[in-house]
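A short worksheet on the structure shown next.
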Amino acid sequence: MSGRFSRTIYVGNLPSDIREGEVEDLFYKYGRILDIELKIPPRPPCYCFVEFENARDAEDAIKGRDGYNFDGCRLRVELAHGGRGQSSSDRRGGYGGGGGGRHGISRHSEFRVIVRGLPSSASWQDLKDHMRKAGEVCFAEVSRDSDGAFGIVDYTNYEDMKYSIRKLDDSEFRNPWTRAYIRVKRYEGTPSRSHSSSRSRSKSPRRNRRARSRSISGSPNGK
């Protein structure tokens with residue numbers, strides 16, 4: 001699995017009027033930020049993905065900001081692509097193996113499908129929840145190319161993978177904001193790399209931080 005997966009975090013339960021600069025203000029102290037992808041669905045809460053320069057910074061950000069009270073919203077912070085750091089919310093259960101992966105760490109397998117037709121608001125958590133109707137999922141991620149959002153899902157065994165194609169191809173995918181009919185096929189190669197880039201690059205840390213426009217209070221444990 002690419003090292004990028006281990007240094008990108010998912011930040012959930014953000015307020016609906018969040019701005020990218022405010023996300024950067026929340027996380028810049030943990031390390032150099034390479035990428036911020038802010039998702040604003042039709043209905044709150046919003047969420048985003050933050051990529052750090054290295055995995056240690058991502059772990060520090062999880063420990064420091066998971067459960068943090070931001071403008072009245074308690075943030076959910078975890079690894080973005082199927083795993084968790086050792087954050088204060090680990091007691092909620094990790095991602096991997098349909099929720100049963102040891103230490104919450106995901107793993108790849110050769111039993112892989114590609115899911116097309118996902119709505120733009122789909123997250124890897126939504127995808128995992130839908131696809132595990134067919135069997136034990138050990139990895140899931142959502143990406144985007146010129147055809148729109150798509151998902152990659154790994155099952156722990158061949159039978160579950162084949163069953164997912166029969167059961168979930170042309171099934172209705174739902175999340176809190178939208179629904180769509182998806183196509184599920186066996187993965188046979190690398191999807192197009194012409195990924196749309198709604199992301200904005202942060203080339204270097206800002207020297208002068210702007211004043212925060214929000215009231216930010218620490219989590220109960222002082223983080």
Close side-chain approach of Pro15 to Phe70, heavy-atom, < 4.5 Å = yes

Taken to the nearest 0.5 Å, the spacing of Asn54 CG from Glu59 CD works out to 10.5 Å

side-chain contact (heavy atoms from CB on, under 4.5 Å) filter on Ala122, not counting sequence neighbours, yields Leu118, Pro119, Phe173

Residues Gly151 and Leu127: closest non-hydrogen pair is CA-CD2, 3.7 Å

Would you say the side chain of Arg112 lies within less than 4.5 Å of the side chain of Ile114, judging by non-hydrogen atoms? no

Check your understanding: Under a 4.0 Å N-O cut-off, is there an ion pair linking Glu53 with Arg7?
Key -> no

Nearest heavy-atom approach of Ile165 to Arg186 is CD1-N, 3.7 Å

The test is side chain to side chain contact (heavy atoms under 4.5 Å, CB included); show your working for Val115 and His130 and say whether it passes. CA-CA 11 Å; Val115 182; His130 184 80; over 6 Å; no

So do Leu26 and Val11 actually touch side chain to side chain, heavy atoms under 4.5 Å?
no

Do Leu168 and Tyr163 sit in one hydrophobic cluster, given that two such residues count as connected whenever their side-chain heavy atoms are within less than 4.5 Å of each other, even indirectly?
no

| query | Do side-chain atoms of Asp154 reach the backbone of Ser109 as a donor and acceptor pair under 3.5 angstrom? | reply | yes

Salt bridge (charged side-chain N to carboxylate O under 4.0 Å, His left out) pairs touching residues 157-171, sequence neighbours excluded, are Asp169-Arg183

In terms of ring plane angle, is the pair Phe27 and Phe52 parallel, tilted or perpendicular, where the classes change at 30° and 60°?
perpendicular

Check: So, does Asn13 use its side chain to make a donor-acceptor pair with the main chain of Arg74 at under 3.5 Å?
Finding: yes

Does any part of the side chain of Ile182, heavy atoms only, come nearer than 4.5 Å to the side chain of Ser171, both counted from C-beta? yes

Sequence neighbours excluded, the answer for salt bridge (charged side-chain N to carboxylate O under 4.0 Å, His left out) partners of Asp129 is Arg132

Looking only at heavy atoms, the pair that brings Arg144 and Ser120 closest together is NH2-CB, 3.3 Å

Sequence neighbours excluded, the answer for ring-ring contact (aromatic ring centres under 6.0 Å, His included) partners of Tyr155 is none

Nearest heavy-atom contact between Met161 and Val113 is CG-CG1, 3.6 Å

Sequence neighbours excluded, the answer for side-chain hydrogen bond (donor to acceptor under 3.5 Å, both in side chains) partners of Glu172 is Arg174

Between Asp147 and Arg116, the two heavy atoms sitting closest are CB-NH1, 4.0 Å

Distance col, row Asp57:CG vs Lys29:NZ, nearest 0.5 angstrom, shows 13.0 Å

Contacts of Ser121 meeting side-chain hydrogen bond (donor to acceptor under 3.5 Å, both in side chains) (sequence neighbours excluded), chain-then-number -> Asn175

Checklist line | Short N-O contact, Arg76 and Glu78, less than 4.0 angstrom | finding: yes

Shortest non-hydrogen pair, Ile36 vs Val23, comes out as CG2-CG1, 4.2 Å

Between the CD atom in Glu110 and the OH atom in Tyr158, the distance rounded to the nearest 0.5 Å is 10.5 Å

The reported gap from CZ in Phe111 to CG in Asn157 (rounded to nearest 0.5 angstrom) is 6.5 Å

Interatomic distance, CD1@Ile18 vs SG@Cys73, rounded to 0.5 Å, equals 8.5 Å

Rounded to the nearest 0.5 angstrom, the CG-OH distance for Leu75 and Tyr10 is 10.5 Å

With a 4.5 Å heavy-atom cut-off, do Ser164 and Val153 have their side chains touching?
-> no

Side-chain contact test, heavy atoms from C-beta onward, threshold under 4.5 Å: evaluate it for Thr8 versus Glu37 and give yes or no.
-> no

